[in-house]
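Fair warning: this is a prediction, and the values are worked out from it, not measured in the lab. For the numbers below, each heavy atom of this structure counts, side chains included, while hydrogens, waters and symmetry mates do not.
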Amino acid sequence: MTTTAGQLTQLTAGTLVPFGGDRFTTVDAALAAAFQPGDRLYVVHDDGALLHVPAAVSDAVTTSVSAAVEAAQAMRSVPAAQVAAFYRAFADGLVAAWDAIAQANAEDVTRAEALGRSTTRLRIDADVRDQMADGLRGWADLVEKAASDDAPAPRVTHADWHVDVVTAPLGVIGFVFEGRPNVLADAAGVLATGNTAVLRIGGDALGTATAIVEHALAPALRGAGLPDGAISLVTSRERSAGWALFSDRRLSLAVVRGSGAAVAQLAAVARQAGTPVSAHGTGGAWLVADESADTARFASVVRHSLDRKVCNTLNVAAIPRSRAAELVPVLLAAADEAAAARGTVARVHVVAGSEQWLPAGELERTIDVHRAEGVVAEPRASVLASDELGREWEWENTLSSAWSSSRTSRRPSRCSTRTRRGSSRRSSGPTPPRGTRSSARSTHRSSATGSRGGSTGSTRSTSPSWACRTGSTAACSAARAC
């Protein structure tokens, strides 16, 4: 069979594009008109989506990845003292340049609000700054401790052979995050093990992220004598920047966080390029209490899992029917306590059949709920169909969650964060420093167990909301999105 290969310089409307082996999609008129010489076109073989990457975006991403590849080679010989110096300089730079960073963040928030977007994860304040700085200094301490540890590498010994466990860097890690500026500090953790990173952050947070890089991160890299490409930010609001980044076969790992559909598409792009993927889209944490659950500890887990809206915020809580009369009021009080810290009241979703454990009047009561589009009046509690229990309750400032009840829970006493596919994210190995979050989310240990919960959708609210049902186990859920 004879084939002809060449450079794609134009597209024609109506052209058939095969995908998935036995299917095709069609180039529409808008795509044909937009495509210019030098642009790139990627086909997602899962669904036939045609992804157009303009030449300018492709060139910018390629330049960043090339610098990261070069930096990864240099990092192999960088002394630990320099890496530790970078983390401390980055932390100090955040504090010193905070006025400029805060101003950039205020402008990002104003822009996002004008577009009707959520700003909960976008807003940063002095507390976030201090958490970021503490986390960075924690990385510095870990790097120095690892360098000073004279213990031999862990060894697994067998009768006539052994295996030494040795840590080695992966290489270049590509990150695509939603608009959460503190991910700059999170992602910087990869330097501790000799990796480098290229970051693409949500467009709403690009101004803040650029200010952090300009005033704190880049000066820290230079001051510590680390290569400039060790951590770089793709300064483009174009979604296509993420497609271009994950299509680059030089990545050793692709990490994506955000909303379900976008995460799934980016993960597909990376897989097609042959790159391992760590993806987290929709979902939330499920807390399942068993019959011996300690009341005070249960309340503490609920309260502190609703302190802010992130990927492992409590989304669903399950309570045994035998303890529902006691624990449901505790659950609601803990959620309200968390909401009160934000000046709001928790929004509750009760699985059909569990209404009997709600305090009187909760289904009729109306509260103010802070949503991205503004404050709206909604019921304090509403009934939820049982097949909706896995819904992700994304909120702004008013906590939102769900709960249900059933007979018993025979699972081990744990609480874990589950991804959209239902896989458990459990902590293993050293805990990242305070103020940072690892890509494998840590779990809260309590008299509860993780329970698989797929996401059927996403609802944005500024209050936490909960859902409940009766049956074998009472389940309550409070959800936050990454």
Side-chain angles (χ1 to χ4, degrees), residues 51-65 67-68 90 93-94 97-125 128-129 132 173-188 190 196-221 228-248 251 254-259 261-263 265-266 269 280-281 309-311 372 396 437 460 481-482:
L51 309 181
H52 174 212
V53 179
V57 174
S58 178
D59 291 345
V61 170
T62 298
T63 298
S64 292
V65 175
F90 189 2
L94 281 174
W98 188 248
D99 287 346
I101 294 169
Q103 177 60 37
N105 183 247
E107 293 170 1
D108 277 345
V109 169
T110 299
R111 178 180 178 276
E113 288 178 336
L115 295 172
R117 304 253 179 86
S118 170
T119 60
T120 300
R121 288 163 289 184
L122 174 59
R123 295 176 185 271
I124 56 175
D125 54 21
V128 173
R129 174 202 63 197
M132 292 170 68
I173 302 176
F175 288 90
V176 175
F177 286 102
E178 76 286 356
R180 188 161 57 92
N182 53 314
V183 299
L184 271 295
D186 296 347
V190 303
T196 60
V198 179
L199 315 178
R200 193 270 173 181
I201 197 167
D204 288 345
L206 184 58
T208 308
T210 300
I212 291 173
V213 171
E214 178 183 348
H215 296 292
L217 192 154
L221 286 174
D228 288 340
I231 301 179
S232 62
L233 175 71
V234 178
T235 56
S236 171
R237 295 185 191 276
E238 296 282 343
R239 289 181 60 195
S240 59
W243 305 332
L245 177 58
F246 279 13
S247 296
D248 197 310
L251 297 185
V255 179
V256 56
R257 301 290 185 266
S259 62
V263 167
Q265 186 177 78
L266 283 163
V269 170
H280 185 288
K309 187 176 71 173
V310 289
C311 298
E396 295 294 314
R437 287 181 177 264
R460 291 182 179 272
C482 263

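With values rounded to the nearest 0.5 angstrom, L217 atom CG is found 9.0 Å from L233 atom CG. With values rounded to the nearest 0.5 angstrom, L206 atom CG is found 11.5 Å from E238 atom CD. Note that CZ of R180 is 13.5 Å distant from OG1 of T208, once rounded to the nearest 0.5 Å. Distance check: I201 CD1 to R257 CZ gives 14.0 Å after rounding to the nearest 0.5 Å. Residue S64 holds its OG atom at 12.5 Å from CZ of R200, rounded to the nearest 0.5 Å. The distance from atom CZ of F177 to atom CG of L184, rounded to the nearest 0.5 Å, is 9.0 Å.
Under the 3.5 Å distance criterion, the side-chain polar atoms of R237 are matched with a main-chain donor or acceptor of G203. In this structure, R129 contributes its side chain and I101 its backbone to no donor-acceptor pair below 3.5 Å. Not a single donor-acceptor pair under 3.5 Å links the side chain of S240 to the backbone N or O of V53.
Taking both residues in full, the closest heavy atoms of V213 and P219 are given as O-CD, 3.6 Å, listed atom of the first, atom of the second, then distance. Shown here for F175 and V190, the closest heavy-atom pair between the two residues is CZ-CG1, 3.7 Å. Contact record, G242 with V176: CA-CG2, 4.2 Å, taken as the closest heavy-atom pair. Closest of all the heavy-atom pairs between V269 and S247 is CG1-OG, 3.2 Å. Closest non-hydrogen pair, S58 versus A244, comes out as CA-CB, 4.4 Å. Here the shortest heavy-atom pairing between A185 and F90 reads CA-CE2, 4.5 Å.
Looking at heavy atoms from C-beta onward, I212 lies in side-chain contact with M132 at the 4.5 angstrom threshold. By the 4.5 Å heavy-atom criterion applied to side chains, V65 and L245 are counted as neighbours.
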Original post:
Going through the checks in order, is the side chain to side chain contact (heavy atoms under 4.5 Å, CB included) test met by L199 and I231?
Top reply: CA-CA 8 Å; L199 315 178; I231 301 179; 4.1 Å; yes
**OP:** Give the intermediate values and the outcome of side chain to side chain contact (heavy atoms under 4.5 Å, CB included) for residues L51 and R239.
**Re:** CA-CA 10 Å; L51 309 181; R239 289 181 60 195; over 6 Å; no
Original post:
Would V255 and I173 satisfy side chain to side chain contact (heavy atoms under 4.5 Å, CB included), going step by step from the backbone distance to the final call?
Top reply: CA-CA 7 Å; V255 179; I173 302 176; 3.9 Å; yes
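Under the side chain to side chain donor-acceptor pair (under 3.5 Å) criterion, Q265 pairs with W243, not counting sequence neighbours. Partners of R111 according to the salt bridge (charged side-chain N to carboxylate O under 4.0 Å, His left out) rule, which considers only residues two or more places apart in sequence or in another chain, are D204.
The list of salt bridge (charged side-chain N to carboxylate O under 4.0 Å, His left out) pairs with a residue in residues 208-221, not counting sequence neighbours, is empty.
Between R123 and D108 there is no salt bridge, since no side-chain nitrogen of the basic residue lies less than 4.0 Å from a carboxylate oxygen of the acidic one.
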